[in-house]
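Not measured: the values here are computed from a predicted model. Side-chain atoms are counted along with the backbone in the values below, which use heavy atoms only and exclude waters and symmetry mates. Below, read A as the first sequence line, B as the second, and so on, with proteins coming before strands; counting in each chain starts at 1.
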Amino acid sequence: MQKGFLQSLLESFYDLLPILVVIGFFQLAVLQQPIPNLLEILIGSFFVLIGLTLFVQGLEMGLFPLGESLAFAFARKGSLSWLLLFAFALGFGTTVAEPALIAVAQEAANVAAEGHVIGSTPQARNDYAFGLRMTVALSVGFAIVIGVLRIVRGWPVQYLIIGGYLGVIIMTFFAPPEIVGIAYDSGGVTTSTITVPLVTALGVGLASSIRGRNPMVDGFGLIAFASLTPMIFVMAYGMIG
Amino acid sequence: MVQNLLRTIWATIADVLPIALIIVGFQSLVIRRPIANMNRVGFGFLYVLVGLAFFLLGLEMALFPIGKLMAQQLAAPEFIMGVQQTGATIHNPDWSQYHWVYIFALAIGFSTTIAEPSLLAVALKAHQVSGGVIGVWGLRIAVAVGVALGIALGAYRIITGTPLHWYIIVGYVIVIIQTLYAPPMIIPLAYDSGGVTTSTVTVPIVAALGLGLASNVPGRNPIFDGFGLIAFASLFPIITVMAYAQISAWWAKPQ
């Protein structure tokens, strides 16, 4: 622990302060209502503070070193296929159980049922939601594979991302209109709070252990792929489904 | 409360379990070398788990109920038409009547992004990798401004009922043009910042805002029109982070 716990706690307090100010201002000055359950809000805010502080400490102690040590180990092993298999497993495995994704998939099934794309029985909705979850998880696995391959080969990130944007735009004109909103949103919900530090450390670690790669220019970008491919895959799912 | 805490810890463990299994599997079957400082890393993982559980439980207790209720109330006709007329409905509302909604969207987008743990993680890493050139707060504020603008524009889109894809396509065009001129060092980080902004803190409150608007503005259907705010919140930070780098580079250039 480089920093004292109290100092970390204070920093977390600064991170949280803007939300408290915004909520307080709108409740008291704009909506002009008293703050309900003040005690619960105080206890909850204290939990948020403790949680954020522990998370940041654990980040520096656990997640960052773990991601980097995995990257170094794979670089030392020198086997691209194992690295890509790991990349796929990490992308697929972290996304398939993501609670935010489960919620979005269920909502998408409701939209599809409302728009008479699928039947409105619970069975049909569950099948549709499950298929969608698998689609997004596959697309994130695929994204991490492409992203890792890009770091290893040193391809510039912008061509791939701009190519992906063109893919999104083209798909938009062919996909059923009801699915477009969900597809666009699905890009944002796939990357969870534990995945992001781990994947970032993996990318930076890989870029630092391969000769000729710059950790700043080549190490970042994995998250960008993981939030781009689900949009394309979900629209494709809407077209097939 | 203890029961809730245990339930949240359990949910977090279930969320982390696939990641842990994959790492342990590859570590023992493929890499076959022990991780350096195993105990320290293990404790760090535990800190992250417990920290995240406390964080989520605290949010559920303190911020989400009031934040969600607030988002719904600000979009409700009673508030838009004046508090005294309860049960009023709006016919042909003008988009400018919703000015408090835009201000709320700006403020809540900015403030929830500052508290977003995954953005903090990426900012810490970028600060370390860039050798201190990229400031932790500079990056976080640039991203938070992007999310604030994105959510405000997204709220405007739901209120006016204009098609989502035109906004997103114009946004992409701006990103592509900026990519040509931005310092190459910032480009991958800027692309990444689109994906990290919307996770634990931002999504629930923003989703409530979208749903509140789509169910209260006449002519909107909550099922079809409530989406798109997350997409805006993931697109605009890319633009503001590149703009931040472009302005810093321009500022540093001798005149």
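- Between chain B and the residues T53(A), L42(A), N214(A), I43(A), the most heavy-atom pairs under 4.5 angstrom are made by I43(A).
- Looking at S45(A), both its backbone and its side chain come within 4.5 Å of chain B, counting heavy atoms on both sides.
- By the 6.0 Å contact criterion, CZ on F72(A) is enclosed, its count of non-hydrogen atoms from other residues, nucleotides or ligands being greater than 12.
- No part of Q32(A) comes within reach of chain B, as not one of its non-hydrogen atoms sits under 4.5 angstrom from that chain.
- When the shell of 6.0 Å around CZ of F46(A) is examined, it contains 12 or fewer heavy atoms from other residues, nucleotides or ligands.
- Between chain B and the residues D218(A), V180(A), L85(A), the most heavy-atom pairs under 4.5 angstrom are made by L85(A).
- Counting heavy-atom pairs closer than 4.5 Å to chain B, the top-ranked of the candidates V217(A), L70(A), I19(A) is I19(A).
- Here the closest heavy-atom approach between residue S227(A) and residue G195(B) is recorded as OG-CA, 3.6 Å.
- When all heavy atoms are compared, the tightest approach of I23(A) to G67(B) is CD1-CA, 3.9 Å.
- Comparing P18(B), G228(B), S234(B) by heavy-atom pairs within less than 4.5 Å of chain A, the highest count is held by G228(B).
- Contacts with chain B were tallied for T94(A), V48(A), V204(A); V48(A) has the most, counting heavy-atom pairs under 4.5 Å.
- Counted within 6.0 Å of CZ on F13(A), heavy atoms from surrounding residues, nucleotides or ligands total 12 or fewer; the atom is thus considered open.
- Of the two parts of F45(B), the backbone and the side chain both hold a non-hydrogen atom closer than 4.5 Å to a non-hydrogen atom of chain A.
- With sequence neighbours left out, the side-chain contact (heavy atoms from CB on, under 4.5 Å) criterion links P65(B) to no other residue.
- Of the two parts of V21(A), neither the backbone nor the side chain holds a non-hydrogen atom closer than 4.5 Å to a non-hydrogen atom of chain B.
- The contact between L59(B) and chain A is made by backbone and side chain atoms together, counting heavy-atom distances below 4.5 Å.
- The nearest pair of heavy atoms linking A89(A) to I22(B) is O-CD1, 3.0 Å.
- Note that CZ of F225(A) and OH of Y191(B) are 9.5 Å apart. Values are rounded to the nearest 0.5 Å.
- Using a 4.5 Å cut-off between heavy atoms, I108(B) touches chain A through backbone and side chain atoms alike.
- Both the backbone and the side chain of L59(A) come within contact range of chain B, judged by heavy atoms closer than 4.5 Å.
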Check the pair F86(A) / V30(B) against side chain to side chain contact (heavy atoms under 4.5 Å, CB included), numbers first and verdict last. CA-CA 10 Å; F86(A) 175 73; V30(B) 181; over 6 Å; no
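- Atom CZ of F220(A) is separated from atom CD1 of I186(B) by 9.0 Å, given to the nearest 0.5 angstrom.
- Residue pairs meeting the ring pair (Phe, Tyr, Trp, His ring centres under 6.0 Å) criterion with at least one partner in residues 179-202 of chain A, sequence neighbours excluded, do not occur; the list is empty.
- If you take CG on L31(A) and CG on L74(B), they are separated by 4.5 Å, rounding to the nearest 0.5 Å.
- Going from atom CE of M61(A) over to atom CG of L46(B) covers 9.0 Å, rounded to the nearest 0.5 Å.
- Atom CH2 of W137(B) sits in a crowded spot, with more than 12 heavy atoms from other residues, nucleotides or ligands closer than 6.0 Å.
- Between the D192(B) side chain and the A224(A) main chain, a donor and an acceptor come within less than 3.5 Å of each other.
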Apply the test side chain to side chain contact (heavy atoms under 4.5 Å, CB included) to residues M70(B) and V30(A): give CA-CA distance (whole Å), side-chain angles for both, the deciding distance (0.1 Å), then the verdict. CA-CA 10 Å; M70(B) 192 172 275; V30(A) 181; over 6 Å; no
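- Annotation: maximal heavy-atom pairing with chain A below 4.5 Å, among T179(B), I103(B), I169(B), V16(B), occurs at I169(B).
- Both the backbone and the side chain of A126(B) come within contact range of chain A, with heavy atoms under 4.5 Å apart.
- Heavy-atom minimum distance, P188(B) versus V157(A): CG-CG1, 3.9 Å.
- In this structure, the separation between CG on L16(A) and CG on L63(B) is 6.0 Å, given to the nearest 0.5 Å.
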Evaluate ring pair (Phe, Tyr, Trp, His ring centres under 6.0 Å) for F55(B) paired with F47(A), printing each intermediate quantity in order. CA-CA 6 Å; F55(B) 188 74; F47(A) 278 6; over 10 Å; no
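- Contact of S69(A) with chain B is made through the side chain alone, with heavy-atom distances under 4.5 Å.
- The interface of residues 163-171 of chain A with chain B, defined by heavy-atom distances below 4.5 Å, comprises Y165(A), V168(A), I169(A).
- Listed options I50(A), L63(A), L20(A), L49(A) were ranked by heavy-atom pairs under 4.5 angstrom with chain B; first place goes to L63(A).
- In terms of heavy-atom proximity, Y47(B) sits nearest to G58(A) at CB-CA, 3.7 Å.
- Both the backbone and the side chain of S118(B) have a heavy atom closer than 4.5 Å to some heavy atom of chain A.
- For chain B, the option among P18(A), G93(A), G51(A) with the highest count of heavy-atom pairs below 4.5 Å is G51(A).
- Within the 4.5 angstrom heavy-atom criterion, only side-chain atoms of F173(A), from C-beta onward, approach chain B.
- Within the model, atoms CD1 of I19(B) and OG1 of T195(A) stand 4.5 Å from one another, a figure rounded to the nearest 0.5 Å.
- For Q27(B), the part lying under 4.5 angstrom from a heavy atom of chain A is the side chain only.
- Counting only residues at least two apart or on different chains, the salt bridge (Lys or Arg N to Asp or Glu O under 4.0 Å) pairs with a member in residues 100-128 of chain B are E68(A)-K125(B).
- Smallest separation of non-hydrogen atoms from L164(B) and G181(A): CD2-CA, 3.7 Å.
- A side chain to side chain contact (heavy atoms under 4.5 Å, CB included) with D185(A) is found for exactly one of V203(B), I230(B), L229(B), namely I230(B).
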